Amino acid sequence: MHEMSLMAEVLRLVEEDAFERGFMKVDRISIIVGELSNVLPDALELAFCYFQKQECSLISEKTELAIIREEAKARCKECRKEFDPDYRIALCPHCQQLNTEIISGESFQIESYEGSECFEDKNGR
Amino acid sequence: MKIKMDDDVLKDNNIAANFNRTLFKQNQTLVINIMSAPGAGKTTLLEKTVKALAKEFKIAVIEGDLATERDADRLRALGVKTIQINTVGGCHLDAKMIAKTLPEFQLEEIDILFIENIGNLVCPSGYDLGQDYKAVILSVPEGNDKIPKYPLMFRRTDLTIINKTDLLPYVQFDLEEAQRDLRTINPDAAFLALSSQTAEGMEDWINWLKKAHTHAAFSQN
Ligand SMILES: Nc1nc2c(ncn2[C@@H]2O[C@H](COP(=O)(O)OP(=O)(O)OP(=O)(O)O)[C@@H](O)[C@H]2O)c(=O)[nH]1
Ligand SMILES: [Mg+2]
Ligand SMILES: [Zn+2]
């Protein structure tokens, strides 16, 4: 849907941090994309390729994108058991009660990035 | 060198949403974010709601559309202060777009602010705008299977409104199944069925709004 603007936001946040730390290159970006986040990994990769070709930033064709998929998991608040939710997110498959919480799968996060070629390094620090 | 971030990609949206929320609370403005597929009847319901409540409440509207001022003009025709946001291709409203419009309102005078989101059952539910409640409209001709097909939208909203119930005799739509499906996805959500055209069921929606307004007014500070 809007993976183009989401990828732009990822790069903006990474570059802001990288500039602050004095990096001149970003070699790798790792992001976490939950199964319940409505974000499509393939579309993100496509958007990333587009930005790689812009060559006006710390990101280049050599920068790698790692997408870590986070599985959808829910837990029943009645019997405390965990389960893999289908569309009936609130329905516990163990005790059939309707009282559950999503415990993973909703994330859309920048986990980490790798920066190199610090300004400081060049000045012999 | 590896730098650990663990940052939410939408963190700036969440900051803007909290900014909006603070302003809404300070001004005791009840804010409802209304979402649906294109054409489910968001603007029509708002027109009917304004007519029903104009004497009791001061209402304002933010209209989200890809293009045109058409929906905003429909509400302006009723004397409602309305700001149109055109996203020019964007598939949802975000909290920053809302924040930018707020200086144009006199929030301290507004009791209820409705935000009509972009017609889309996928993206809008992922963006907190700072609202008190999120409502989703599903219209009868779309079919009740849209609830299980778009579970995240229905999971993330406080109220599901089935609209165009005047069409129930003509199209396949199982109201009971819709309610049952909703419970397995979001048992805490309120469920209303109405027709904006015939006004059948409108009083349930009006009562829900009045209750929400009272609740918002008492939960200040
Ligand atoms: N039969 C019937 N038609 C309705 C009802 N409510 C709305 N409509 C019609 O549905 C069509 C779309 O209504 P809108 O209110 O413009 O829908 P919307 O959700 O605001 O549409 P977008 O903003 O374009 O996404 C119009 O032709 C309305 O007259 C209803 O309760 N019954
Ligand atoms: Mg509309
Ligand atoms: Zn259980």
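All heavy atoms count here, side chains included; hydrogens, waters and symmetry mates do not. Owing to the predicted nature of the structure, the values given are computational and were not obtained by experimental measurement.
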J.: Does CD in B:E176 sit with more than 12 non-hydrogen atoms of other residues, nucleotides or ligands closer than 6.0 Å?
T.: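 At most 12 heavy atoms, drawn from other residues, nucleotides or ligands, come within 6.0 Å of this atom.
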J.: With B:V9, which of A:M7, A:E9, A:Q109, A:R12 fulfils side chain to side chain contact (heavy atoms under 4.5 Å, CB included)?
T.: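 Exactly one candidate clears the test, A:E9.
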J.: Under a 4.5 Å cutoff for heavy-atom pairs, which residue among B:I147, B:N186, B:D181, B:D8 has the most contacts with chain A?
T.: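 The candidate making the most pairs under 4.5 Å is B:D8.
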J.: Should B:I3 and A:V14 be marked as a side chain to side chain contact (heavy atoms under 4.5 Å, CB included) after you check the CA-CA gap, both sets of side-chain angles, and the distance that decides it?
T.: CA-CA 10 Å; B:I3 307 293; A:V14 167; over 6 Å; no
J.: For the NZ atom on A:K62, are there more than 12 heavy atoms of other groups (residues, nucleotides or ligands in this structure) within a distance under 6.0 Å?
T.: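 No, NZ of A:K62 has 12 or fewer neighbouring heavy atoms, counting only those of other groups under 6.0 Å.
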J.: Which heavy-atom pair separates A:I89 from B:R155 by the least distance, and what is that distance?
T.: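 Nearest pair, atom of A:I89 first, then B:R155: CG2-NH1, 3.7 Å.
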J.: Give a yes or no on this: more than 12 heavy atoms of other residues, nucleotides or ligands lie within 6.0 Å of atom OH of B:Y150.
T.: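 No, the 6.0 Å shell around OH holds no more than 12 heavy atoms from other groups.
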J.: Taking atom CG of A:D86 and atom CD1 of B:I185, what is their separation to the nearest 0.5 Å?
T.: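 If I round to the nearest 0.5 Å, the distance is 9.0 Å.
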J.: Could you tell me which non-hydrogen atom of B:R156 sits nearest to which non-hydrogen atom of A:N38, and how far apart they are?
T.: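 In terms of heavy atoms, the two residues are closest at NH1-ND2, 3.9 Å.
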J.: Tell me whether the count of non-hydrogen atoms from other residues, nucleotides or ligands lying under 6.0 Å of CD in B:Q172 goes above 12.
T.: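 Not more than 12 within 6.0 Å, no.
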J.: Sort A:S30 into side chain, backbone, both or neither according to what part of it lies under 4.5 angstrom from a heavy atom of chain B.
T.: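 The answer is neither part of A:S30.
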J.: Could you tell me the separation between the CG atom of B:N120 and the NE2 atom of A:H2, rounded to the nearest 0.5 Å?
T.: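 Interatomic distance, B:N120 CG to A:H2 NE2, rounded to 0.5 Å: 9.0 Å.
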J.: Taking all heavy atoms of B:Y127 and all of A:L6, pick out the closest pair and write down the distance.
T.: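 Heavy atoms of B:Y127 and A:L6 come nearest at OH-CD2, 3.5 Å.
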J.: Under 4.5 Å from any heavy atom of chain A, what part of B:D188 do you find: side chain, backbone, both or neither?
T.: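 Neither part.
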J.: Please classify the contact between B:K149 and chain A as side chain, backbone, both or neither, with a heavy-atom cut-off of under 4.5 Å.
T.: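 Nothing of B:K149, per the 4.5 Å heavy-atom cut-off to chain A.
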J.: Just how far is it from atom CD1 of A:I110 to atom NZ of B:K11, taken to the nearest 0.5 Å?
T.: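 NZ of B:K11 is found 7.5 Å from CD1 of A:I110.
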J.: Measure the spacing between CZ of B:R183 and CG of A:L98 and express it to the nearest 0.5 Å.
T.: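 The CG atom of A:L98 is 5.5 Å from CZ of B:R183, to the nearest 0.5 Å.
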J.: Which bit of A:I31 is near chain B, if near means a heavy-atom gap under 4.5 Å: side chain, backbone, both or neither?
T.: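 Contact with chain B is absent: no heavy atom of A:I31 under 4.5 Å.
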J.: Mind ranking B:P187, B:P148, B:P151 by heavy-atom pairs under 4.5 Å with chain A and telling me who comes out on top?
T.: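 Top option by heavy-atom pairs under 4.5 Å: B:P148.
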J.: List the steps and the verdict of side chain to side chain contact (heavy atoms under 4.5 Å, CB included) for A:E114 and B:M1.
T.: CA-CA 5 Å; A:E114 281 169 36; B:M1 188 162 73; over 6 Å; no
J.: Which heavy atom in B:K2 sits nearest to a heavy atom in A:S112, and how many Å separate them?
T.: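 Minimum heavy-atom separation between B:K2 and A:S112: CE-OG, 3.4 Å.
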